[in-house]
Amino acid sequence: MTRPVVTRFAPSPTGMLHIGGVRTALFCWLFAKKHGGRFILRIEDTDLSRSTDDNIRIIEEGMAWCGLEWDEGPVVGDPSKWVGPHGPYRQMQRMDRYRAKVQELLDQDLAYRCRCSREELESRRSAVEAAGKVFQYNRGLDAGKGCAAKHHDASESAAIRFRMPEGGDIVLHDLIKGEIRFPADSLDDWIIARSSETPGEIGVPTYNFCVVVDDTHMEVSHVIRGDDHVNNTPKQIPLFAAFGFPLPAFAHVPMILGKDGAKLSKRHGATSITEYQAMGFLPSAVRLALARLSWTPKQDGKAAETAEEEILTDADMIRLFDLADVQKSAARFDMDKLSWMNQKLIQRASWRELEHHLRPFVPEVVWDEKSDEWKATAITATQKGKSLVEMAESLRFAFERPETFDEAAAAKFITDAVKPALREVLALEDYSHDALKAAFDGIMERHGLKLKDVAQALRVALCGRPVSPMIFETMYLVGRDEVRTRVEKWL
RNA sequence: GGGGCCAUCGUCUAGUGGUUAGGACACCGCCCUUUCACGGCGGCAGCACGGGUUCGAACCCCGUUGGCCCUACCA
């Protein structure tokens with residue numbers, strides 16, 4: 001109970017970094033931060049056929065973009081390096097440790113060599129299933145057919161199976177799901193190490209085995225993972241016991257489903273964290289939206305009661321995070337809510353914070369030449385947007401001359417009645433907000449127009465359409481000379 | 001087939017025996033307005049079903065239905 005808090009996120013690099021995984025990582029991260037503990041990133045690449053270095057890199061970069069910095073784990077982009085005292089943090093680089101542990105179990109007869117071939121297993125399986133029963137290695141209808149007692153010849157290639165307890169229940173005290181009991185007899189002697197090409201050698205250990213060895217070695221105190229792992233836990237618990245390892249606490253977080261309740265997949269739009277980055281979401285918004293799926297922060301025991309209270313900073317989340325407030329049921333991912341949160345967070349951010357995030361979405365070379373005042377104006381003028389993509393889009397007029405014009409709007413707003421006023425605008429020198437406002441007051445007065453009349457006409461001439469930020473800011477952003485050029489062609 | 005998990009508005013959820021079932025997103029309407037937005041105000045909308053227990057069930061028990069997970073020499 002006095003164990004220092006250590007959590008870990010252990011993705012397998014078999015594809016993109018899925019937002020479901022990011023959410024799990026986020027919970028681990030929040031929990032560690034909350035309790036002043038450490039957060040570990042560990043790469044589970046024992047599936048040789050599907051793991052790639054590219055995928056490892058994508059995971060590392062995705063995590064970094066999302067702000068989920070790890071205290072221990074691989075160094076981005078360099079497989080030979082890592083930070084932390086328990087490395088390496090890629091499982092394929094930890095084979096010696098696993099093999100030693102497998103050997104330990106073998107020596108104590110807690111595990112045994114199984115040289116049944118896949119073909120043989122398959123035929124036994126179908127025989128048992130034909131009898132309407134479940135195939136479990138060396139259990140039930142299959143009992144006594146296993147090779148536990150024979151073929152101990154270490155010179156033959158064989159898989160290694162772990163002797164599971166028989167009878168009674170295996171109990172899991174889950175911090176989120178509560179107590180879950182599994183009949184021990186519903187599990188069989190599972191494989192902890194695959195057979196090797198080389199006879200007599202111990203092959204690559206499997207997931208459920210490596211997890212136990214690593215979580216113990218890395219001193220993980222709280223195993224927080226997706227609830228698709230609930231059924232793996234009763235396999236792992238006896239293994240901890242066999243090693244004499246202390247059991248970590250377990251917390252299985254519910255899945256994230258798509259809009260239609262099915263497992264979140266490409267079909268629902270974006271699943272990869274990289275895509276959210278490209279869509280112009282702030283990492284802070286992604287963190288908030290993900291955290292709020294299945295978790296209800298409680299302020300003094302009460303959930304949020306206003307929209308404002310829904311918008312939490314990282315500090316708020318860390319302060320409020322509690323596994324007891326995590327839902328047991330799966331949640332559906334709602335893009336609309338993410339958008340709304342993104343908008344709120346954009347509104348709250350300072351222009352300087354936003355600049356760094358917006359830059360990749362605008363012409364960077366031009367952007368970099370602009371003054372701070374210009375950038376600040378550009379950002380504040382578009383801070384009502386729902387995404388960085390939207391902000392950049394509504395700033396296009398500032399970077400390029402419109403090529404096409406909304407004809408109907410042009411006809412409606414650039415009339416003979418406003419052209420004289422437009423001519424006066426051409427003469428203006430001072431483009432500061434206050435000067436423009438004073439000048440416009442006079443122009444409108446002299447021509448008997450409303451600001452709306454002049455503003456809309458200018459918008460069409462400047463942007464090609466009757467939509468833009470506030471007109472004085474729009475003019476400032478376009479720049480005096482360019483305003484003259486764009487307006488003159490209409491007179 | 002076996003084992004496990006889950007079930008409140010369309011979505012995220014509050015709720016732990018007595019509430020007009022509360023909030024947020026989305027949607028609809030109105031207001032504001034220098035366009036588009038932002039913002040403000042208001043509205044629509046829910047306890048999966050069936051049995052119990054109880055004076056009284058969204059809350060407790062059983063069943064049904066539905067969804068998901070595991071059942072690999074994947075993770």
Side-chain angles (χ1 to χ4, degrees), chain A residues 10-14 44-51 91 114 116-118 121 125 129 132-136 140 158-161 172 174 177-178 180-183 185-188 190-196 203-208 210-211 226-235 252 254-255 257 259 261-263 289 292-296 298 302-311 327-341 343 347 382-386 390 394 409 413 440 450-456 458-460 463 465-472 474:
Chain A
S12 63
T14 53
E44 313 224 320
D45 55 353
T46 55
D47 182 348
L48 274 11
S49 60
R50 296 191 299 156
S51 300
Q91 290 186 327
C114 167
C116 301
S117 67
R118 289 172 197 256
L121 249 19
R125 183 188 311 277
E129 283 173 359
K133 298 287 262 181
V134 186
F135 176 79
Q136 290 176 285
I160 314 293
R161 286 184 188 266
L172 160 64
D174 193 275
K177 307 273 186 184
I180 304 174
R181 312 184 82 91
F182 304 85
D185 292 332
S186 67
L187 280 348
D188 65 358
W190 52 284
I191 289 178
I192 57 177
R194 303 166 172 90
S195 49
S196 168
V204 178
T206 57
Y207 163 78
N208 283 111
C210 298
V211 172
D227 72 4
D228 49 336
H229 286 292
V230 166
N231 298 281
N232 289 143
T233 314
K235 293 182 186 174
H252 288 94
M255 309 262 83
L257 308 175
K259 192 96 187 165
K263 193 168 181 174
R292 289 294 281 96
L293 289 177
S294 297
W295 172 50
T296 304
K298 301 278 180 66
K302 283 167 64 182
E305 286 173 337
T306 65
E308 281 301 291
E309 288 171 10
E310 295 279 353
I311 307 303
Q327 209 80 356
K328 290 181 179 178
S329 52
R332 302 182 188 209
F333 184 67
D334 184 5
M335 189 73 90
D336 287 331
K337 198 140 187 173
L338 202 212
S339 275
W340 175 75
M341 288 172 165
Q343 183 176 47
Q347 287 172 347
T382 52
Q383 248 177 302
K384 58 194 177 180
K386 287 192 191 316
E390 231 175 70
S394 57
F413 298 116
F440 269 65
K450 290 181 177 171
L451 178 56
K452 177 191 286 188
D453 303 322
V454 187
Q456 288 305 79
L458 279 170
R459 285 195 170 94
V460 174
C463 313
R465 51 179 194 160
V467 178
S468 88
M470 303 299 272
I471 195 61
F472 302 143
T474 301

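Note that this is a predicted model, so its numbers are computed, not measured. Letters go in sequence order (proteins before strands), and every chain restarts at 1.
Checked by atom type and distance alone, the side chain of A:Gln343 pairs as donor or acceptor with a backbone atom of A:Lys384 at under 3.5 Å. The closest donor-acceptor contact from the side chain of A:Gln136 to the backbone of A:Asp185 lies under 3.5 Å. Under a 3.5 Å cut-off, the side chain of A:Arg459 and the backbone N or O of A:Val467 do not form any donor-acceptor pair. A donor-acceptor pair under 3.5 Å links the side-chain atoms of A:Lys177 to the main chain of A:Lys328, judged by distance alone. In this structure a side-chain-to-backbone donor-acceptor pair under 3.5 Å is missing from A:Glu129 to A:Phe135. Checking side-chain atoms of A:Asp174 against main-chain N and O of A:Ile180 turns up no donor-acceptor pair under 3.5 Å. A:Arg181 places no side-chain N or O within donor-acceptor distance of the main-chain N or O of A:Leu172, the cut-off being under 3.5 Å.
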Legend entry - Reading 5' to 3' through nucleotides 61-71 of chain B, protein heavy-atom contacts under 4.0 Å coded B for base, S for sugar-phosphate only, - for none: --------BS-
Legend entry - Under 4.0 Å protein heavy-atom contact, by nucleotide of nucleotides 30-46 of chain B - B base, S sugar-phosphate only: ----BBBBSS-------
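Atoms CE (A:Met341) and C1' (B:A26) sit 13 Å apart, rounded to a whole Å. To the nearest angstrom, C1' of B:G22 lies 13 Å from NZ of A:Lys298. In this structure, CD of A:Gln91 is placed 12 Å from C1' of B:C74, rounded to the nearest angstrom.
Regarding the sugar-base torsion, B:C38 falls in the syn class, its angle being within 90° of 0.
As judged by a 4.0 angstrom heavy-atom cut-off over every strand, A:Cys116 is placed among the base-contacting residues. Counting non-hydrogen atoms under 4.0 angstrom, A:Thr46 reaches the backbone sugars and phosphates but no base. Using a 4.0 Å heavy-atom cutoff across all strands shown, A:Ser49 reaches no nucleic acid atom at all. Residue A:Arg50 is in base contact, counting any heavy-atom pair closer than 4.0 Å across all strands shown.
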List every contact pair, protein side and nucleotides 10-13 of chain B side both N or O, where the distance is under 3.5 Å.
unit_1 : atom_1 : unit_2   : atom_2 : d
B:C12  : OP1    : A:Arg332 : N      : 2.9
B:C12  : O2'    : A:Arg292 : O      : 3.1
B:U13  : OP1    : A:Ser294 : N      : 2.5
B:U13  : OP1    : A:Ser294 : OG     : 3.4
B:U13  : O3'    : A:Thr296 : OG1    : 2.9

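With P as the reference atom, B:G39 and B:A45 are 25 Å apart, rounded to whole Å. For the P atom pair drawn from B:U16 and B:G10, the interatomic distance equals 23 Å after rounding to whole Å. A gap of 27 Å separates the C1' atoms of B:C38 and B:G22, to the nearest Å. Using atom C1' as the reference point in both B:U13 and B:A58, the two lie 14 Å apart (nearest Å). If you take atom P in B:A21 and the same atom in B:C27, they sit 27 Å apart, rounded to whole Å. B:C25 sits 30 Å from B:C60 when the P atoms are compared, rounded to a whole Å. Going from the P atom of B:U8 to that of B:A48 covers 6 Å, rounded to whole Å. Using atom P as the reference point in both B:C59 and B:G67, the two lie 23 Å apart (nearest Å).
Where A:Ser186 and A:Lys328 meet RNA chain B, the nucleotide closest to each residue was compared, and A:Ser186 sits on the side nearer the 5' end.
Taking 4.5 Å as the limit, some side-chain heavy atom of A:Met341 sits within range of a side-chain heavy atom of A:Arg292.
Annotation for A:Pro205 and A:Thr46: closest pair O-CB, 4.0 Å, computed over non-hydrogen atoms. Nearest heavy atoms, A:Val460 versus A:Ala409: CG2-CB, 3.9 Å. The shortest heavy-atom contact between A:Thr296 and A:Ala303 is CG2-CB, 3.6 Å. Smallest separation of non-hydrogen atoms from A:Gln91 and A:Cys210: NE2-CB, 3.4 Å. A:Thr206 approaches A:Ile191 most closely through the heavy-atom pair OG1-O, 2.9 Å.
Contact annotation: A:Lys177 does not reach the phosphate of B:C5 (side-chain N/O to OP1 or OP2, under 4.0 Å). Here A:Arg194 reaches the OP1 or OP2 of B:C74: one of its side-chain N or O atoms lies under 4.0 Å away.
With a 3.5 Å ceiling on both atom-pair distances, B:A75 lacks any Watson-Crick or G-U wobble partner. Base-pair partner of B:U19: not found among the strands shown (Watson-Crick or G-U wobble, both distances under 3.5 Å). Pairing of B:A24, defined by two Watson-Crick or G-U wobble distances under 3.5 Å, is identified with B:U11. Look at B:C5: its Watson-Crick or wobble partner, with both distances under 3.5 angstrom, is B:G67.
In the set B:G3, B:C6, B:C74, B:C74 carries the atom at the smallest distance from any side-chain atom of A:Thr206.
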